[in-house]
Amino acid sequence: MVIGAGGLLGTAFRRVAGELPDVEVLLPGRRELDVTDPLSVEKYLISNGPDGVVNAAALLPADLCETHPRAAYEIHALGARWVSRACDRIGAVSAYISTDFVFDGTSGDGYAPDSPTRPLLTYGVTKRAGEAEACLGTPRHLVLRTAGLFGPPPSGSRARPCFVDRILARAVAGEPVGVVDSVVMSPTYTVDLARMTFAMLLDEAAPGIYHAVNRGAASWYEVAATAVRLSGRQATVTRQREQTHVTAGRPARTPLTGTLPGRAAAHQRPWQEALAEYLRERWPAPGGRPPHPAALPSASLPHART
């Protein structure tokens with residue numbers, strides 16, 4: 001089961017669920033399951049009995065958490081509490097999606113899963129609280145930290161496209177593209193993250209905190225410049241030192257390190273390779289000729305209900 005299936009990451013889970021013909025994946029909407037309502041959570045989980053629950057509910061963008069801290073805490077922390085406790089009651093695995101924002105960005109070497117946390121923003125503070133709740137609520141827990149997400153946009157007129165889509169839309173429109181180069185993270189394709197998560201659930205990975213990201217690190221400027229180049233668009237991407245498009249400054253350097261266990265590791269390909277695949281699908285090169293090699297097919301997974 002995937003909670004938060006209407007967002008950017010949830011859209012990827014919905015798509016990857018279609019790759020698993022022997023797995024029944026429940027995708028409840030907020031009307032069916034509200035993570036801030038413990039009775040709603042417990043009733044839905046008991047009624048449906050999933051083997052695993054992915055909690056991808058989040059208040060985004062991160063700036064919104066600064067202006068709505070109570071809502072952020074209710075969704076990220078209390079929501080994790082109610083979901084993990086309900087999972088414990090029915091014997092399901094709780095998989096909580098977290099973020100690189102639990103770190104302060106001052107490490108020059110990146111962050112391992114056991115690195116000390118020190119969140120700076122409300123988004124990171126409430127997500128770190130959610131990690132703790134997820135671990136306390138059930139011994140059968142997975143905390144999956146990720147970062148720099150890009151992937152297929154959610155449906156609906158109010159859906160917010162990912163960073164890569166916004167950059168390429170500006171490039172196509174002939175607008176100036178200036179991107180900050182002082183924020184470095186681990187760019188991650190949402191479809192790969194969904195595959196990592198499903199693989200860990202189906203492989204019954206050991207409880208703990210993991211970093212579920214594509215390999216490598218890059219600044220937002222590097223991601224933007226690579227996306228423009230690989231898509232074949234003609235646009236100049238300029239560097240910016242200041243974070244001018246956010247109200248709350250992001251941690252400066254938060255590359256996440258660590259290899260996932262089992263088959264999940266196969267989906268931790270280099271971020272450039274993942275980006276190339278996404279661009280082939282979403283932003284084919286002018287003239288219809290994809291400039292990138294074909295991606296390898298994903299491995300099949302065994303039967304389960306999640």
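Start at 1 with the first residue, then count along the sequence. Note that the coordinates shown come from a computational prediction; the quantities given were computed from them, not determined experimentally.
Residues Ser219 and Glu222 approach most closely at N-OE1, 2.7 Å, considering heavy atoms. Smallest separation of non-hydrogen atoms from Ala147 and Val213: N-CG1, 3.9 Å. Taking both residues in full, the closest heavy atoms of Phe103 and Thr117 are given as CE2-CG2, 3.8 Å, listed atom of the first, atom of the second, then distance. In terms of heavy atoms, Ala80 sits closest to Gly130 at CB-O, 3.4 Å. Considering all non-hydrogen atoms of both residues, Gly151 and Tyr278 come closest at O-OH, 3.1 Å. Residue Ala212 comes nearest to Thr146 through the heavy atom pair O-OG1, 2.9 Å, listed as atom of the first residue, atom of the second, then distance.
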Which is it for Asp34 and Tyr44 under the side-chain hydrogen bond (donor to acceptor under 3.5 Å, both in side chains) test, yes or no, and what are the steps along the way?
CA-CA 10 Å; Asp34 180 357; Tyr44 192 90; over 6 Å; no
Would you check, one step at a time, whether the test side-chain contact (heavy atoms from CB on, under 4.5 Å) holds for Trp82 with Asp37?
CA-CA 8 Å; Trp82 310 138; Asp37 181 349; over 6 Å; no
Is there a side-chain contact (heavy atoms from CB on, under 4.5 Å) between Val177 and Thr236 once you walk through the steps?
CA-CA 7 Å; Val177 182; Thr236 300; over 6 Å; no
side-chain contact (heavy atoms from CB on, under 4.5 Å), that's the test. Do Cys65 and His76 meet it? Break it down for me.
CA-CA 10 Å; Cys65 297; His76 301 152; 3.8 Å; yes
Derivation of the side-chain contact (heavy atoms from CB on, under 4.5 Å) call for Val164 and Leu279
CA-CA 9 Å; Val164 169; Leu279 294 175; 4.0 Å; yes
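Linking ILVMFWY residues whenever their side-chain heavy atoms come closer than 4.5 Å, directly or via other members, places Val228 and Leu230 in the same cluster. In the hydrophobic clustering of ILVMFWY residues, with side-chain heavy atoms under 4.5 Å counting as a link, Val183 and Leu256 come out apart. Hydrophobic clustering places Leu144 together with Phe150 (ILVMFWY residues linked when any side-chain heavy atoms are closer than 4.5 Å, directly or through intermediates). Neither Leu136 nor Val143 shares a network with the other; the hydrophobic side chains, linked directly or stepwise wherever heavy atoms of I, L, V, M, F, W or Y lie under 4.5 Å apart, form separate groups for each. The hydrophobic cluster containing Tyr210 does not contain Val102, counting ILVMFWY residues as joined when their side-chain heavy atoms lie under 4.5 angstrom apart, directly or transitively.
With hydrogens and angles ignored, the 3.5 Å screen pairs a side-chain donor or acceptor of Glu66 with a backbone N or O of Thr122. Judged by distance alone, with hydrogens and angles left aside, the side-chain atoms of Glu32 form a donor-acceptor pair with the main-chain N or O of Gly29 at under 3.5 Å. Side chain of Arg215 to backbone of Gln268: a donor-acceptor contact under 3.5 angstrom is found.
Interatomic distance, CE of Met200 versus CZ of Arg263, reported as 12.0 Å (0.5 Å rounding). Taking OG from Ser47 and CD from Glu42, the interatomic distance works out to 10.0 Å, rounded to the nearest 0.5 Å. Between Ile46 atom CD1 and Ile90 atom CD1 the span is 7.5 Å, to the nearest 0.5 Å. Rounding to the nearest 0.5 Å places CD of Glu175 at 6.0 Å from CZ of Arg170. Once rounded to the nearest 0.5 Å, the distance linking CZ of Arg140 with CG of Asp51 reads 8.0 Å. One distance of note links CG of Asp192 with CZ of Arg269; it measures 4.0 Å at 0.5 Å rounding.
None of Thr197, Ile97, Leu201 except one satisfies the side chain to side chain contact (heavy atoms under 4.5 Å, CB included) rule with Leu142; the exception is Leu201. Of the listed residues (Arg145, His211, Glu131), just one forms a side chain to side chain donor-acceptor pair (under 3.5 Å) with Ser98, and that residue is Glu131. For the side chain to side chain contact (heavy atoms under 4.5 Å, CB included) with Leu26, the lone residue among Val2, Leu45, Asn48, Leu33 that qualifies is Asn48.
In this model, a donor atom of one side chain and an acceptor atom of the other lie less than 3.5 Å apart for Asp165 and Trp283.
Using a cutoff of 4.0 Å between basic side-chain nitrogens and carboxylate oxygens, Arg250 and Asp63 are scored as salt-bridged. Salt bridge annotation for Arg85-Asp88: absent, with no cationic side-chain nitrogen under 4.0 angstrom from a carboxylate oxygen.
The shortest side-chain heavy-atom distance between Thr190 and Pro152 falls under the 4.5 Å cut-off. Counting heavy atoms from C-beta on, the side chains of Met196 and Asn214 come closer than 4.5 Å. Side chains of Glu204 and Val93 form no contact here, defined as non-hydrogen atoms less than 4.5 Å apart. Counting heavy atoms from C-beta outward, Cys162 and Leu8 have side chains that approach closer than 4.5 Å. Tyr111 is not listed as a side-chain neighbour of Asp100, based on a closest heavy-atom distance of 4.5 Å or more. Residues Phe198 and Val25 have side chains in contact (heavy-atom distance under 4.5 Å, counting atoms from C-beta outward). Using a 4.5 Å cut-off on side-chain heavy atoms (C-beta onward), Thr254 and Phe101 make no contact. Under the 4.5 Å side-chain criterion, counting only non-hydrogen atoms from C-beta, Arg160 is in contact with Pro61.
In Arg118, the CZ atom is not crowded: 12 or fewer heavy atoms of neighbouring residues, nucleotides or ligands sit closer than 6.0 Å. Atom CZ of Arg30 has 12 or fewer neighbouring heavy atoms from other residues, nucleotides or ligands inside a 6.0 Å radius.
Ring-centre distance between Tyr189 and His267: not below the 6.0 Å cut-off.
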